[in-house]
Amino acid sequence: MSTNGINKALKLQFGLINYENRYLTAEAFGFKVNASGISLKKKQIWTLEQDEQDGQVVFLRSHLGRYLASDKAGKIICGAEKPEPECRFLIVPQSDGRWALQSEPYQRYFGGSADYLSCFAQAIGEQELWAVHLALHPQASLLSVARKRYAHLSASEGEISVDSNIPWGVDSLVTLVYLDGKYSLKTCDSRFLSNDGKLVKENSNTTSFTLELKSGKLAFKDCDGKYLAPVGPTGTLRSGRCSKPGKDELFDLEESHPQVVFQAANKRFVSVKQGVSISANQDVETDMETFQMEIDKESKKSMFRTNGGSYWTLVTHGEIQSTATEVEVNTMFDIEWRGHRVALKASNGKYVCTKKNGQLSAVSDTVGDDELFLMKLINRPMLILQGENGFVCHHKNSNTLDANRSVYDIFSLLFNNGAYHIKSVNGKFWYISSSGLVCSDGEKAEDFFLEFPEHGRVAVKGSNGKYLRGDQGGTLMCDGASVDASSLWEY
């Protein structure tokens, strides 16, 4: 998906819920589809693709990479490997936020229940309506399509302003909260956006919006049928006058990369305040001491972007500067996870060390105190973990945690000298039992360590040296010996 912003727009993936509150499901056997799913798991996730010639036409791709199609008699199959004419659908949004899906070649509507799905209805009835449940990780950056600016919490004004050139710092993190088919926008200080632009503590009718899609972009419709838009010079996010979404009412959700602060052995923060040299010489954390960590999908190496848009890069004599405008081999660093600290290895194979004057240089062959850095994640005060089988959520009747739920709980992430404490909604802390279970009712905090081994994923290591993973029964354990698919989490 193209983007106007600096990060990649998220692919729109979602579940479709029918009138019986069941999810549209793509079965692996015989490429059959049904509406029998009771929650949003892998088989219930669909990806929306748009026709390049005609923006109104969409294709629905299953988790198997096959496309939903309807023949002339209304028979539904999901076996096409590429978008064919019978895979072309039109989305007809309804006033309550639900969709009707119309076959473009045959003009009939798709609906039904359980195993009895067809695309033969000539008019839209209750059976032909589908609610949309976004399947992407709920934390992202929000970009206004018209203004090409990002939304951020403006605490002094008590509003969300859409006037940032870059989504920098914790204020730019937006959490989408899904409840009963509607979405709320939650700020990093746990307040909800009301349709009048004010931020409120409680979720209510005025903080609930239905999602609409237009040309691959999102629009948020309030309880009065009006749409969120940036208003005035600071782009105050609130409902405008429009009851039809135009360009002003359209937004992209972009992935929110981890942003980090480094503290060197001299106890000072790494900064670009002094110009192009990267130097550990500041005593306070500002945007100049905050770096966006972008992980290369192929090599798994990390790049560090400054708030001015340039990258750290290795220059002559091993010096590290912020002069690169493009990603290339000298902007890539290996991170070694060493408990409470990290070490960084540059493209010359040497470790980055802090010189006496604070300047960072990649000149060391081994790791001592000067090559170690405290790395703090600053833009996830609220932690939502999504694994290969679903979200992490409190178990209903015990102190354990589930790792396979379609709904999520929001946990607090508290930094503690290179480690993190994870706090539940009830104010109690996560800890690991003697049998390796992760429990959520601790009176005192226990250290967990975050590692970022690949793009968009985090591994969480317990104080027992093992990694968090979901077991076969869906319980969250801390017994993973190494980082693999079961111990990687979207966050």
Between Val363 and Asn348, is there a side-chain heavy-atom distance shorter than 4.5 Å?
no
Can you see whether Ser194 engages Thr206 through a side-chain donor-acceptor pair at a distance of less than 3.5 angstrom?
yes
Rounded to the nearest 0.5 Å, how far does CG of Leu173 lie from CH2 of Trp168?
14.0 Å
Between Tyr351 and Phe373, is the ring centre distance below 6.0 Å?
no
Once you round to the nearest 0.5 Å, how far does OG1 of Thr187 lie from CG of Leu193?
8.5 Å
Regarding Asp441 and Asn399, do their side chains bring together a donor and an acceptor under 3.5 Å, going by distance alone?
yes
Would you tell me whether Ser161 and Asp163 have side-chain atoms, one donor and one acceptor, within less than 3.5 Å of each other?
no
Salt bridge or not for Lys226 and Asp224, using N-O below 4.0 Å?
no
Is it the case that more than 12 heavy atoms not belonging to Lys42 sit under 6.0 Å from its NZ atom?
no
Would you sort out whether Phe291 and Phe304 count as a ring-ring contact (aromatic ring centres under 6.0 Å, His included), showing the intermediate values?
CA-CA 6 Å; Phe291 302 99; Phe304 299 103; 7.4 Å; no
Taking the inter-plane angle between the rings of Phe262 and Trp312 on a 0 to 90° scale, is it parallel (under 30°), tilted (30 to 60°) or perpendicular (over 60°)?
tilted
Do Val174 and Tyr150 have side-chain heavy atoms sitting under 4.5 Å apart?
no
Assess whether salt bridge (charged side-chain N to carboxylate O under 4.0 Å, His left out) is satisfied between Glu285 and Lys376, documenting all intermediate values.
CA-CA 11 Å; Glu285 299 170 33; Lys376 176 167 79 166; 2.9 Å; yes
Heavy atoms only: give me the nearest Asp334-Lys301 pair and the separation to one decimal.
OD2-NZ, 2.8 Å
Donor-acceptor side-chain pairing of Arg268 and Ser279 below 3.5 angstrom:
no
Kindly indicate, with the supporting measurements, whether the criterion salt bridge (charged side-chain N to carboxylate O under 4.0 Å, His left out) is fulfilled by Asp479 and Lys466.
CA-CA 5 Å; Asp479 62 358; Lys466 305 277 199 234; over 6 Å; no
May I ask you to check whether Asn205 and Ser208 show a side-chain donor-acceptor distance below 3.5 Å?
no
Using side-chain contact (heavy atoms from CB on, under 4.5 Å), reason through Phe251 and Phe220 one step at a time and then give a plain yes or no.
CA-CA 9 Å; Phe251 297 88; Phe220 296 88; 4.1 Å; yes
Applying side chain to side chain donor-acceptor pair (under 3.5 Å) to Thr313 and Asn330, what does each step give before you reach the verdict?
CA-CA 5 Å; Thr313 188; Asn330 286 335; 5.0 Å; no
Is the closest side-chain donor-acceptor distance between Gln13 and Thr47 under 3.5 Å?
yes
Residue pair Asp296, Ser299: steps toward the side chain to side chain donor-acceptor pair (under 3.5 Å) verdict:
CA-CA 6 Å; Asp296 183 62; Ser299 69; 2.8 Å; yes
Stepwise, does the salt bridge (charged side-chain N to carboxylate O under 4.0 Å, His left out) test hold for Lys428 with Glu443?
CA-CA 6 Å; Lys428 307 279 189 181; Glu443 292 299 331; 2.6 Å; yes
Heavy-atom distance under 4.5 Å between the side chains of Ser302 and Phe452, does that happen here?
no
Should the heavy atoms of other residues, nucleotides or ligands under 6.0 Å from CG of Asp369 be counted, would the total exceed 12?
no
In sequence, state the C-alpha distance, the side-chain angles, and the governing distance for Ser322 and Arg305, and then conclude on side chain to side chain donor-acceptor pair (under 3.5 Å).
CA-CA 8 Å; Ser322 62; Arg305 192 201 281 252; over 6 Å; no
Nearest heavy-atom contact between Met382 and Ile410 is CB-CG2, 3.6 Å
Any side-chain donor near an acceptor of the partner, Ser361 and Glu319, under 3.5 Å
no
Between Glu294 and His455: side-chain donor-acceptor atoms closer than 3.5 Å:
no
Exactly one of Trp99, Tyr183, Tyr178 clears ring-ring contact (aromatic ring centres under 6.0 Å, His included) with Phe14, and that residue is Trp99
More than 12 non-hydrogen atoms from neighbouring residues, nucleotides or ligands closer than 6.0 Å to CD on Glu328, yes or no?
yes
When rounded to the nearest 0.5 angstrom, what is the spacing between OG in Ser440 and NE2 in His395?
11.0 Å
For the residue pair Phe429 and His421, categorise the inter-ring angle as parallel (less than 30°), tilted (30 to 60°) or perpendicular (more than 60°).
perpendicular
Minimum-distance pair of heavy atoms, taken over all atoms of Glu289 and Ser271:
OE2-OG, 2.6 Å
Side chain proximity check, Glu451 to Tyr467, heavy atoms < 4.5 angstrom:
yes
So, do Leu228 and Asp222 sit near enough that their side-chain heavy atoms are less than 4.5 Å apart?
no
Ile378 versus Gly169, closest heavy-atom pair with distance
CD1-CA, 3.8 Å
With rounding to the nearest 0.5 Å, note down the distance linking CG in Leu237 to OG in Ser154.
12.0 Å
Side chain to side chain donor-acceptor pair (under 3.5 Å) between Tyr491 and Gln139, worked out:
CA-CA 8 Å; Tyr491 60 95; Gln139 291 177 308; over 6 Å; no
Any side-chain donor-acceptor pair under 3.5 Å between Asn195 and Arg238?
no
If every non-hydrogen atom of Gln359 is compared with every non-hydrogen atom of Ser277, which pair is closest and at what distance?
OE1-CB, 3.2 Å
As an exercise, state the distance from OG of Ser412 to NZ of Lys423, rounded to the nearest 0.5 Å.
5.5 Å
Under a 3.5 Å distance rule, please check whether Ser433 uses its side chain to pair with a backbone N or O of Leu437 as donor and acceptor.
yes
Evaluate ring-ring contact (aromatic ring centres under 6.0 Å, His included) for His394 paired with Phe411, printing each intermediate quantity in order.
CA-CA 10 Å; His394 286 103; Phe411 302 95; 5.2 Å; yes
Correct closest heavy-atom pair for Glu159 and Thr236 would be OE1-OG1, 3.0 Å
In Å and rounded to the nearest 0.5 Å, what is the CG to CZ distance from Leu476 to Arg405?
12.5 Å
